[in-house]
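Below: the structure, in structure tokens.
In what follows, chains are A, B, ... by sequence order, proteins preceding strands, each numbered from 1. Bear in mind that the values here come from a model prediction, so they are computed numbers and not experimental data.
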There are 2 protein chains.
Amino acid sequence: MTATTQPLAAAHGVGRALRPTGKVLPEHARAHNRSLVLAHLFHIGPASRADIARSTGLTRVTVSGMVAALIAEGLVEELGVRVEGKVGKPATLVGMRTEAFQIVAVDLTDDTHLLGAVLTLVGAVVVRRSVALEGRTGQPAADLLESLCQELLAAATRPVIGVGIASPGVIDLDGRVVQAPNRGWYDLPLAANLTESLGVPVHVANDANTRALGEFTYGSAAGSGCMVLTIGEGVGAGIVVDGALVLGRHHAAGEIGHVTVVDGDVRDEPPLDCACGRTGCLETVLSVPALRRRTAGLTPEESDAALASVGRLLGIALAPVVSALDLAEVLLSGPPELLDGPLRESALATVRARTMPVIGHGLALRMGSLDEDGALAGAAVLVLSGQLGVS
Amino acid sequence: MTATTQPLAAAHGVGRALRPTGKVLPEHARAHNRSLVLAHLFHIGPASRADIARSTGLTRVTVSGMVAALIAEGLVEELGVRVEGKVGKPATLVGMRTEAFQIVAVDLTDDTHLLGAVLTLVGAVVVRRSVALEGRTGQPAADLLESLCQELLAAATRPVIGVGIASPGVIDLDGRVVQAPNRGWYDLPLAANLTESLGVPVHVANDANTRALGEFTYGSAAGSGCMVLTIGEGVGAGIVVDGALVLGRHHAAGEIGHVTVVDGDVRDEPPLDCACGRTGCLETVLSVPALRRRTAGLTPEESDAALASVGRLLGIALAPVVSALDLAEVLLSGPPELLDGPLRESALATVRARTMPVIGHGLALRMGSLDEDGALAGAAVLVLSGQLGVS
DNA sequence: TTTGTAAGGAAGGTCTACTAACAAACGTGA
DNA sequence: TCACGTTTGTTAGTAGACCTTCCTTACAAA
């Protein structure tokens with residue numbers, strides 16, 4: 001059986017590049033390796049130059065040069081000689097000066113308050129400030145945000161390397177808020193505006209994505225394939241696949257709150273109206289207000305059953321996602337008294353029942369390890385990642 | 001409101017790097033830029049060195065050096081002077097020698113036959129060979145595959161730059177078949193074995209992923225966020241997100257065929273037994289045999305209704321995935337007479353009805369633009385990508 | 001005291017891409 | 001017709017980044 005057919009496409013002009021990346025210069029390699037050294041010091045802690053060389057694959061010479069540059073920048077310091085007595089010349093430890101700089105982070109998740117903080121590089125909250133929105137939206141809300149940032153910058157006790165902001169809504173890679181209906185922001189270049197007015201690098205990202213970043217860097221999220229489901233006023237998600245946040249076509253990835261999970265086919269479960277104008281969205285059963293309404297005035301047993309039934313609906317929605325992406329973990333972020341019980345257990349059991357064993361059985365579905373500061377921590381990671389290449 | 005709290009994590013040992021990449025050397029930058037030049041010539045077609053410089057951002061000098069190296073390798077050739085008369089010195093076009101080399105590709109999707117071909121670099125089939133499996137599995141099946149590859153290598157009329165293989169099952173990045181039950185392969189280093197025995201670079205990947213690559217490079221798949229659903233004996237999918245194939249925790253991403261879509265809650269739809277040992281999997285209604293069984297002996301109207309009901313089930317399973325990833329496109333690959341009609345329309349309508357307007361309305365759900373050779377073309381892309389960095 | 005091991009640094013070499021400058025080839029307009 | 005501007009592609013020199021090799025320093029174990 002032999003045949004000669006036409007080309008699948010014209011001889012040229014075939015498709016487009018899978019990964020349309022730009023040119024790479026030697027200096028980019030330098031920046032990458034710099035991040036490699038910094039990341040090692042950040043994640044593993046103080047180490048000798050030789051240690052860093054071994055774990056990064058660079059030579060001791062290169063690492064020495066890099067460390068010297070980082071010391072000159074003030075980001076790294078020598079910490080003296082390692083005490084452990086082994087053969088050979090003792091190592092001089094170097095470490096990242098995680099206390100010498102600070103990060104300003106603001107969480108805009110809440111509809112009523114702007115939640116801000118000054119954090120150290122390892123995510124410890126040093127100063128906390130919050131301010132009431134009092135119904136402000138649009139430019140007044142942006143102005144309030146700016147003044148909060150000013151206040152936090154003034155409150156910082158160390159040089160601030162940048163400002164990170166976790167905002168609801170659709171936000172592109174440049175920190176432009178494409179749309180954030182609850183804040184009345186549409187096509188607002190928030191990061192650029194604030195960078196200009198504050199005089200400090202500002203990074204803005206979606207709050208669910210930010211929370212996922214926080215769980216990832218400071219928490220316990222798995223490396224390969226993880227979804228962080230943020231359950232509050234609404235329901236959102238940040239997804240990390242193959243080591244990178246998923247952005248999506250419209251930078252709207254993770255908007256799983258408005259997937260229909262209740263329709264006429266589901267018995268004993270009437271579809272509820274949703275703020276988005278449709279009915280039966282996941283948010284109508286899984287948001288914190290919805291859960292409180294559903295369990296209000298019930299006995300503990302009834303309440304558990306009600307939460308389990310919501311967990312089942314969540315599991316039905318998660319199963320295709322978990323299967324398609326072969327996720328390792330799903331983390332829930334929200335009030336533990338509502339989520340970390342029958343709801344979580346029922347959701348996990350449902351996902352397992354509805355997916356292939358190889359996928360479902362390896363899956364973990366548990367509470368995130370960060371509390372309500374998760375979005376703040378994630379906003380700090382935005383800055384770490386953007387300014388130092390560490391994440 | 002001011003407070004000082006504990007660090008979210010110990011001062012060090014916080015989490016792990018988001019993207020654990022290795023060191024980058026200048027030579028890697030060189031390789032990257034080389035791919036950039038080759039990709040431009042491959043996708044856009046012949047161009048002058050100055051053209052390439054403009055579109056890649058590299059200087060003319062750098063591009064000249066790169067092109068000289070590629071000409072020395074035989075991958076690129078000068079094509080003479082551009083005829084269009086404009087001011088300035090006329091450009092000498094250079095082009096990729098897409099006819100000077102060939103690729104051997106094998107598609108193992110079918111349970112009864114190994115489907116092989118020799119292709120040009122632009123995906124045109126030059127020679128076709130197929131061989132019956134006759135029940136072989138395990139090592140005999142691998143031996144048969146090797147002999148088919150030998151035969152195709154001998155049949156090639158130009159130097160072969162590599163062999164690409166599309167296999168069902170779970171396959172890791174090194175071309176090791178973790179498991180492929182239908183072929184009786186478990187933990188088989190297929191790519192390494194064949195590379196050794198054939199003396200040519202061999203790349204192996206999952207058949208659904210491969211088909212997605214084919215649609216992407218030779219077909220019409222969208223850049224940002226695309227899922228190619230392969231519907232044959234089983235149901236699988238390859239997903240491209242943010243310009244990269246999704247692999248997943250166990251390299252099992254896209255295994256959406258065994259998500260439960262039919263259970264007691266769905267009216268008028270009895271769950272069917274699935275080969276995986278569970279019931280109501282997507283595969284039990286959407287695989288080609290299932291579709292043929294379901295429509296056998298029905299009037300056209302009844303058949304359309306039956307296909308539409310399957311489309312609805314597919315849409316219910318797709319909606320959470322489309323929302324979570326903010327996909328731009330879902331492509332169907334399989335028999336058009338079954339898929340490209342009520343089934344597809346019903347699936348699209350269902351997804352739109354069950355997702356946010358911003359996500360669902362922009363979504364395209366259509367047939368893939370490649371035929372049954374899609375997996376072969378994708379296998380060729382494996383080689384292009386692996387050997388030349390072009391994709 | 002000797003020997004072996006390890007850390008850190010200095011010198012020199014290679015690779016990469018950039019800038020600057022130039023020759024060749026061609027339209028254009030005086 | 002001929003000077004002039006434009007575009008192409010090449011040559012020469014520069015800067016950056018990493019490597020290999022060799023050396024000194026410092027310590028433990030025999």
Interatomic distance where [atom1] belongs to [X] and [atom2] belongs to [N] [whole Å]:
X	N	atom1	atom2	result
B:His28	C:dT16	NE2	P	11 Å
A:Glu27	C:dC18	CD	P	9 Å
A:Arg49	C:dA7	CZ	P	12 Å
A:Lys89	C:dA7	NZ	C1'	5 Å

**Request:** Please test A:Thr92 against A:Leu79 for side chain to side chain contact (heavy atoms under 4.5 Å, CB included), starting from the C-alpha separation and ending with a verdict.
**Result:** CA-CA 7 Å; A:Thr92 45; A:Leu79 300 172; over 6 Å; no
Given [N], is OP1 or OP2 found less than 4.0 Å from the side-chain N or O atoms of [X]?
X	N	value
B:Thr92	D:dG9	yes
A:Asn33	D:dC18	yes
B:Arg54	D:dT8	yes
B:Arg30	C:dC15	no

**Asked** Have A:Gln102 and A:Thr120 got a donor and an acceptor in their side chains that come within less than 3.5 Å?
**Response** no
**Message:** The criterion is side-chain contact (heavy atoms from CB on, under 4.5 Å); which residues satisfy it with B:Asn33, sequence neighbours excluded?
**Reply:** A:Lys23, A:Val24, B:Leu36, B:Leu58, B:Met66
**Item:** Residues from residues 55-71 of chain A lying under 4.0 Å of DNA chain C - heavy atoms
**Value:** A:Arg60, A:Val61, A:Ser64
**Message:** Tell me which pairs pass side chain to side chain donor-acceptor pair (under 3.5 Å) where either residue lies in residues 61-79 of chain A, with sequence neighbours left out.
**Reply:** A:Arg34-A:Glu73, A:Arg49-A:Glu78, A:Thr59-A:Thr62
**Message:** Which residue in the set A:Ile103, A:Thr98, A:Thr217 passes side chain to side chain contact (heavy atoms under 4.5 Å, CB included) when paired with A:Val122?
**Reply:** A:Thr98
**Message:** Using a heavy-atom cut-off of 4.0 Å across all strands, would you classify B:Arg34 as base, sugar-phosphate, or nothing?
**Reply:** nothing
**Request:** Determine, stepwise, if the pair A:Leu119 / A:Val104 fulfils side chain to side chain contact (heavy atoms under 4.5 Å, CB included).
**Result:** CA-CA 6 Å; A:Leu119 301 94; A:Val104 165; over 6 Å; no
